Amino acid sequence: MENNNEAVNSNFIKTIIDNDLKDKKHNTIVTRFPPEPNGFLHIGHAKAICINFGIAREYGGTCHLRFDDTNPGKENIEYVESIKEDVRWLGFDWQENIFFASDYFEQMYDCAVQLIKQGKAFVCSLSPEEIREYRGTLTDPGRDSPYKNRSIEENLDLFERMKAGEFDEGKYTLRAKIDMASPNINMRDPAIYRIIKKEHHRTSDKWHIYPMYDYAHCLEDALEGITHSLCSLEFEDHRPLYDWFLDELNTEHHPQQIEFSRLNLTYTVLSKRKLIELVESKLVSGWDDPRMPTISGYRRRGFTPESIRVFCEKIGVSRANSMVDVNLLNFCLREELNKSAPRVMAVLRPLKIIITNYPEGKEEYLEADVNPEDPGMGKRMIPFSKEIYIERSDFIEDPPKKYFRLSPGKEVRLNHAWYITCEKVVRNEETSEIIELHCIYDPETKGGWSSDGRKVKGSLHWVSAKHAVDAEVRLYNNLFTTANPNEIDGDATYNDYINPDSIEIIKGCKLEPDLADAKINVRYQFLRLGYYWLDPKDSSKENLVFNRILSLRDKWS
RNA sequence: UGGGGUAUCGCCAAGUGGUAAGGCACCGGGUUUUGGUCUCGGCAUUCGGGGGUUCGAAUCCUCCUACCCCAGCCA
């Protein structure tokens, strides 16, 4: 991937890796991104993806994409496809290293048998409710299951019959024998296999028992020779278990689990539950609604993979719970697009201007930079004629101080065209709504320059009325009105903080004619407005639909 | 009132005993045919709080406080 923007900072994980390399604990680094294929990826996952794939890339190691598919019924193949697409879109390549937990079911089973033989696991007949009772509480120790001292032979027999599908779900579990009095609840004889009689998306009906996360995950990592197993903070308490399994099984590899804090973003929710709620309540149009913090949402909105990668680099990695200002993400996008986006003029809310001293029927083409930040992008020609549109918000009849756009008697520059002065405001007699403006232009200012050194403060974007193409434009804003929708007070629900202006659809927008051939995948800067691109789903030649990816910074409005 | 974590500028975050990086945001000045960009400058005498060790502490010791995570046959 070519980019010079992802300045690489260090963090505590890299420090650990540096030391491991220096101490010859490892010669090469292997990480993994291990999603469960039961939902769509969001920007929080992007952080994990960037960390894992990024570290592998930086150290010349490899990063595995591994689907943690140990719970059929929750998982399905559509999710694995969408996850692959998202990871690829973000710019990462797992090459041949794509794996599935289900590939290891046989080995995991063998390991479980080994644990039973070592007297470290037993088949438990307690019901889920009973298990909960026996587990104790945060402050009180639990009690041993009455089935904890079944003979190894009996355990072996029962476990094999669990595998064979002889029993109903919930009837038995295989549990590790650790310590029911452990202050760490995860160590209180955790279940390692449960009976699930559901079709698995890869192994079909071959299995009737499925391994639990704690047991499966460490084995997957060990089997793949992962060197550093990076996960989020909530798994910290699971690390002793992770190590316990690998120690008891004496695996060849014993990866080191390292936890970091997950991403929170202002004005955004990232929990799976809340995201589902947004989709199911139809507050958004789907998982790829441009307002969604999902990867597919950002993709459709028009965000770039690089801006997301740069963002993930900039936020750093630490163990402190944090809430990152969404402005940082926006900054990353603007920083990139300012350099790369072709400029174009578009009037979202048109106000007609008649240039009274411009010849009727005349038209001429004016030259403009495609991108003043990059002269190499060349020039374009823009048609001008007697009737043009400007933005309604660029005219105020009775302007406030420091307003340097158009108002009666005031002269402004039409970008790349001429200076104009407003001479008359025409209103609808009944509604008194302003319907058009009469202006005169100064023929001596072609291109937007004047030779007399006259200063014109305002520069407006405009579009020739008879040449303009129409389009629908969709403006997007934060989905929530509160910076932290995760923490809302009292009896309000987070639905009370949904931003009613999170989407605004404007029809009849007037665009520079070249935009009739706007290309999908090109992110344009609508001059003075922001960055826009064609909606990948809803736009068509006949009905252009532009998404506003992001507005420009605006210190005035 | 069990266990595991975390506390450095409004938001992220470096810093690992030698006297507080950087980015975002914000505020000013300049440039500018985008009130964009760019550019210059400002923005923690202080590191959750109190004690202590030391010539010297955000970094070590100690006590305290706040917040986060854990009682799925989810991951």
Side-chain angles (χ1 to χ4, degrees), chain A residues 7 9-12 15 34-36 38-39 68 70-71 74-75 124 126-128 131-133 135-142 169-175 181-188 190-196 209-210 212-214 216-217 231-240 259 261 263 266 272 311 313-332 334-335 338-339 343 345 368-369 372-373 402-405 413-417 419 445 447-449 456-461 483 525-530 551-557:
Chain A
N9 299 312
S10 193
N11 59 53
F12 77 99
T15 302
E36 181 186 15
N38 73 340
D68 213 353
T70 57
N71 190 355
K74 281 195 168 185
E75 300 149 1
C124 185
L126 254 24
S127 69
I131 285 194
R132 198 184 320 127
E133 286 166 27
R135 184 157 34 224
T137 69
L138 293 178
T139 48
D140 303 316
E169 287 187 17
K171 182 82 177 159
Y172 294 103
T173 53
L174 183 70
R175 291 224 260 158
S182 172
N184 180 345
I185 291 186
N186 296 119
M187 301 299 271
R188 317 241 261 229
I192 66 186
Y193 265 96
R194 74 287 215 196
I195 298 169
I196 298 179
I209 54 173
Y210 291 89
M212 297 286 291
Y213 168 85
D214 287 308
H217 204 90
C231 62
S232 44
L233 249 28
E234 66 268 32
F235 292 104
E236 201 162 2
D237 290 346
H238 297 241
R239 194 171 63 226
E259 311 84 16
S261 61
L263 171 68
T266 56
K272 188 170 290 177
F311 169 72
E313 181 60 38
K314 282 188 191 297
I315 58 178
V317 183
S318 77
R319 294 172 58 88
N321 292 109
S322 62
M323 169 76 74
V324 176
D325 190 338
V326 73
N327 277 319
L328 182 57
L329 210 210
N330 294 341
F331 168 83
C332 294
R334 291 189 181 112
E335 185 185 41
N338 174 54
K339 293 181 199 133
R343 270 58 168 178
M345 293 198 285
D369 285 323
E373 298 293 316
K402 293 243 222 124
Y403 181 84
F404 44 85
R405 276 110 100 147
R413 167 169 41 235
L414 293 179
N415 253 307
H416 313 116
Y419 290 0
T445 57
W449 300 100
V456 171
K457 187 77 171 155
S459 293
L460 310 187
H461 60 279
Q525 185 193 105
F526 286 7
L527 212 65
R528 299 211 301 136
L529 297 178
S551 68
L552 251 30
R553 280 180 81 225
D554 182 1
K555 293 175 190 155
W556 167 255
S557 79

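This structure is a prediction, so every number in the text was calculated from the model and none was measured. Order of the sequence lines fixes the chain letters, A, B, ..., with proteins taken first and strands second; residue numbering starts at 1 for each chain.
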Among [options], which is the nearest nucleotide to the side chain of [X]?
X: A:Lys74; options: B:C74, B:G23, B:U34; result: B:C74
X: A:Asn415; options: B:G23, B:U34, B:A75; result: B:U34
X: A:Ile185; options: B:A71, B:G35, B:A14; result: B:A71
X: A:Asp554; options: B:C69, B:G23, B:G35; result: B:G35
X: A:Glu373; options: B:A71, B:A25, B:U37; result: B:U37
X: A:Thr139; options: B:G36, B:G2, B:G35; result: B:G2

Can you tell me if A:Arg135 touches the phosphate of B:G72, counting only side-chain N or O atoms and a distance under 4.0 Å to OP1 or OP2?
yes
Would you say B:U37 has OP1 or OP2 under 4.0 Å from some side-chain N or O of A:Arg553?
yes
Taking [M] as the reference, what is the distance to [N] when you measure between their [atom1] atoms (whole Å, please)?
N: B:A44; M: B:C11; atom1: P; value: 15 Å
N: B:G48; M: B:U6; atom1: P; value: 13 Å
N: B:U54; M: B:U62; atom1: C1'; value: 15 Å

Restricting to side-chain hydrogen bond (donor to acceptor under 3.5 Å, both in side chains), what partner residues turn up for [X], sequence neighbours left out?
X: A:Asn330; answer: none
X: A:Glu36; answer: A:Asn38
X: A:Arg528; answer: A:Asp394, A:His461

Ring-base stacking, A:Trp556 with B:G35 (5.5 Å, 30° cut-offs)
yes
Measure CG/A:Asn186 against C1'/B:C69 and give the value in whole Å, please.
10 Å
CD1 of A:Ile131 versus P of B:G72: gap in Å, rounded?
10 Å
Describe, in one word, how the ring planes of A:Tyr213 and A:His238 are oriented to each other, choosing from parallel (under 30°), tilted (30 to 60°) and perpendicular (over 60°).
perpendicular
Expected string for nucleotides 3-11 of chain B under the B/S/- scheme (protein heavy atoms, under 4.0 Å, primed atoms plus P, OP1, OP2 as sugar-phosphate) is BSSS----S
Applying salt bridge (charged side-chain N to carboxylate O under 4.0 Å, His left out), name anything that partners A:Arg553, two or more places apart in sequence or on another chain.
none
Once you round to the nearest 0.5 Å, how far does NE2 of A:His416 lie from CZ of A:Arg343?
10.0 Å
If the condition is side chain to side chain contact (heavy atoms under 4.5 Å, CB included), which residues does A:Ala320 pass it with, not counting sequence neighbours?
A:Ser318
